Amino acid sequence: VELLVVIGIIAVLISILLPSLNKAREIANAVKCSSNLRQIAVGWTMYATSSKGVSVPGRMPNISAAANVYEVGNGTVWRPRWFVTMGAQSGIFAYSNPTQSNGAFDNSANVDNQVFVCPTEPERINNRNFTYGYNYQFLGNSRYYTGQPGRYRAFPIQSSRVRAAETVLAADAMGTAAGKAKSARMGYNVNGGTGDAVTNLGNHAWSLDPPRLTTRSDICDESVDLTNRSAPEQRHSKKANVAFCDGHVEPMTLNDLGYAVNNDGTVLPNGTGHNGITAHNRLFDGRGEDRDTPPARD
């Protein structure tokens, strides 16, 4: 009987302590994630300082008749994405031993550096289906304007013209699943870019679309379907960690950032959501003016 009483007391104590331990773990993960984003913001500034003030593009250009292999500080990578490119200036290397000479492993390479991994989602290490999304539409989109090779959509962007304290740099990102209802979203695809679906969490999440899009807007996966849009993911106590260009990091909701969201969780491309927010780009466009995104097509 005494043994059963002791076991019962232990069970009660465990049931009391577990929620507190889980909460403490959540807080620790959020703090580590915030620290990661601060280091990434420092890397962004160092890149701009070393590049005549040019903000790092979301991805290095795909130049016709060129090898498109770029130095990233500890090796070379074919058309590296923004967080990889910064390594040459910041010394924060995404890959421990990059040796990519072509696009063969472009969508399957995994990052090695824990600075680029959110501890809440430690499996999201694929360099395309990534954990942190970049405000590429306003800070550097080197994709070509549709039908006009050589004309970039938004590149180069001078960092000195960006209102740093008021402009989102990067955040916890959901990828293309953001434009879908919560009930339609699928888990993260551990195989990276192989067999992925727009409903997978993290798909194309290296790029973060601003709240308000137009019918001419580029979006994270380059499709013309605005339901494949990206948005922040509220993975830390129903908030996303958001880094600004001046280096500070804030936990914020989609409402705080200007995203219109319906009751089913769908992040709308524009208009007013059931959350009462009319989509706006004031925290993304670099000037605080709610400008349209740079067009992808005529």
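Keep in mind it's a predicted model, so treat the numbers as computed, not measured.
- Under a 3.5 Å cut-off, the side chain of Asn275 and the backbone N or O of Ile277 do form a donor-acceptor pair.
- Tyr132 and Met86 fall within a single hydrophobic cluster, where Ile, Leu, Val, Met, Phe, Trp and Tyr are joined by side-chain heavy atoms under 4.5 Å apart, directly or via other members.
- Looking at Phe130 and Val111, their side chains come closer than 4.5 Å, going by heavy atoms from C-beta outward.
- What you find for Ser96 and Pro98 is that their closest heavy atoms are C-CD, 3.8 Å.
- Using a 4.5 Å cut-off on side-chain heavy atoms (C-beta onward), Thr131 and Tyr188 make no contact.
- Under the 4.5 Å side-chain criterion, counting only non-hydrogen atoms from C-beta, Ile92 is in contact with Asn113.
- In plain terms, the two heavy atoms of Gly187 and Asn200 that are nearest each other are O-ND2, 2.7 Å.
- When hydrophobic side chains of Ile, Leu, Val, Met, Phe, Trp and Tyr are connected at separations under 4.5 Å, Ile219 ends up clustered with Leu213, Leu226.
- Arg38 CZ to Leu169 CG: the interatomic distance, rounded to the nearest 0.5 Å, is 13.0 Å.
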Next on the checklist: Pair Thr49, Tyr47 - check side-chain contact (heavy atoms from CB on, under 4.5 Å), show working.
Outcome noted: CA-CA 5 Å; Thr49 301; Tyr47 178 92; over 6 Å; no

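- Of the inter-residue distances, the one linking Phe138 atom CZ with Arg291 atom CZ reads 6.0 Å to the nearest 0.5 angstrom.
- The backbone N or O of Gly265 lies less than 3.5 Å from no partner atom in the side chain of Asn262, so there is not a single donor-acceptor pair.
- With 3.5 Å as the limit, one finds no donor-acceptor pair spanning the side chains of Asn129 and Asn189.
- Residues Phe83 and Val56 have side chains not in contact (no heavy-atom distance under 4.5 Å, counting atoms from C-beta outward).
- With a 4.5 Å cut-off on side-chain heavy atoms, Glu289 and Arg282 do not count as touching.
- Looking only at atom types and distance, the side chain of Ser217 has a donor-acceptor partner in the side chain of Thr293 under 3.5 Å away.
- Atoms CG and NZ, on Asn241 and Lys239 in that order, are 10.0 Å from each other to the nearest 0.5 Å.
- Evaluation of the ring pair (Phe, Tyr, Trp, His ring centres under 6.0 Å) rule for His248 yields Phe244 as partners, not counting sequence neighbours.
- Side-chain atoms of Asp290 never come within 3.5 Å of backbone atoms of His280 as a donor-acceptor pair (strictly under, hydrogens ignored).
- Tyr134 approaches Pro57 most closely through the heavy-atom pair CE2-C, 4.0 Å.
- Counting side-chain heavy-atom gaps under 4.5 Å among Ile, Leu, Val, Met, Phe, Trp and Tyr, the cluster of Val42 also holds Met46.
- Using a distance-only test at 3.5 Å, with no hydrogens or angles considered, a donor-acceptor pair links the side chain of Asn135 to the main chain of Val168.
- Counting all heavy atoms, side chain and backbone alike, Ser230 lies closest to Cys220 at CB-SG, 3.6 Å.
- There is a path of hydrophobic side-chain contacts, each under 4.5 Å, that joins Val267 to Leu283.
- Taking every heavy atom of both residues into account, Tyr259 and Ala231 meet most closely at CE2-CB, 3.8 Å.
- A donor atom on one side chain and an acceptor atom on the other are found under 3.5 Å apart for Asn203 and Thr176.
- The distance from the CD atom of Gln137 to the CG atom of Asn281 is 8.5 Å, given to the nearest 0.5 Å.
- Note on Val261: it clusters hydrophobically with Leu208, by side-chain heavy-atom contacts below 4.5 Å among ILVMFWY residues.
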Checklist entry - What's the verdict on side-chain contact (heavy atoms from CB on, under 4.5 Å) for Asp292 and Arg212, showing C-alpha distance, side-chain angles and the deciding distance? => result CA-CA 7 Å; Asp292 288 348; Arg212 187 176 62 80; 2.7 Å; yes

Next on the checklist: Determine whether Thr253 and Asn255 satisfy the following criterion, side chain to side chain donor-acceptor pair (under 3.5 Å), listing intermediate values before the conclusion.
Outcome noted: CA-CA 5 Å; Thr253 65; Asn255 291 17; 4.9 Å; no

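- Counting heavy atoms from C-beta on, the side chains of Glu26 and Ser237 come closer than 4.5 Å.
- A salt bridge does not link Arg185 to Glu233: none of the charged nitrogens lies less than 4.0 Å from a carboxylate oxygen.
- Put simply, Trp44 and Val242 are part of two different groups of oily side chains (I, L, V, M, F, W, Y) that touch within less than 4.5 Å, one to the next.
- Panel note: side chain Ser34, backbone Ala30; no donor-acceptor pair is recorded below 3.5 Å.
- Ring orientation note: the planes of Tyr144 and Tyr152 are close to parallel, at an angle under 30° on the 30°/60° scale.
- Annotation: side chain of His236 is in contact with side chain of Cys33 (closest heavy-atom distance under 4.5 Å).
- Listed by first then second residue, pairs satisfying salt bridge (Lys or Arg N to Asp or Glu O under 4.0 Å) with a partner in residues 93-116 read Arg59-Asp106, Arg81-Asp106, not counting sequence neighbours.
- Interatomic distance, CD1 of Ile157 versus OH of Tyr136, reported as 13.5 Å (0.5 Å rounding).
- Between Asn126 and Trp206, the closest side-chain pair of non-hydrogen atoms is not below 4.5 Å.
- Note that the CE atom of Met174 and the CG atom of Asp209 stand 12.0 Å from one another [nearest 0.5 Å].
- At a threshold of 4.5 Å between side-chain heavy atoms, the hydrophobic network of Ile, Leu, Val, Met, Phe, Trp and Tyr places Val72 and Val117 in one connected group.
- Of all the heavy atoms in Gly179 and Thr266, the pair that sits closest is O-CG2, 3.4 Å.
- Applying the salt bridge (Lys or Arg N to Asp or Glu O under 4.0 Å) test to pairs two or more places apart or on separate chains, those with a residue in residues 157-181 are Arg163-Glu166, Asp172-Arg235.
- The ring pair (Phe, Tyr, Trp, His ring centres under 6.0 Å) search around Tyr95 returns none, not counting sequence neighbours.
- Asp221 and Ser223 are linked by a side-chain donor-acceptor pair at a separation below 3.5 angstrom, with hydrogens and angles left out of the test.
- With Ser159 contributing its side chain and Gly53 its backbone, the two residues share a donor-acceptor pair below 3.5 Å.
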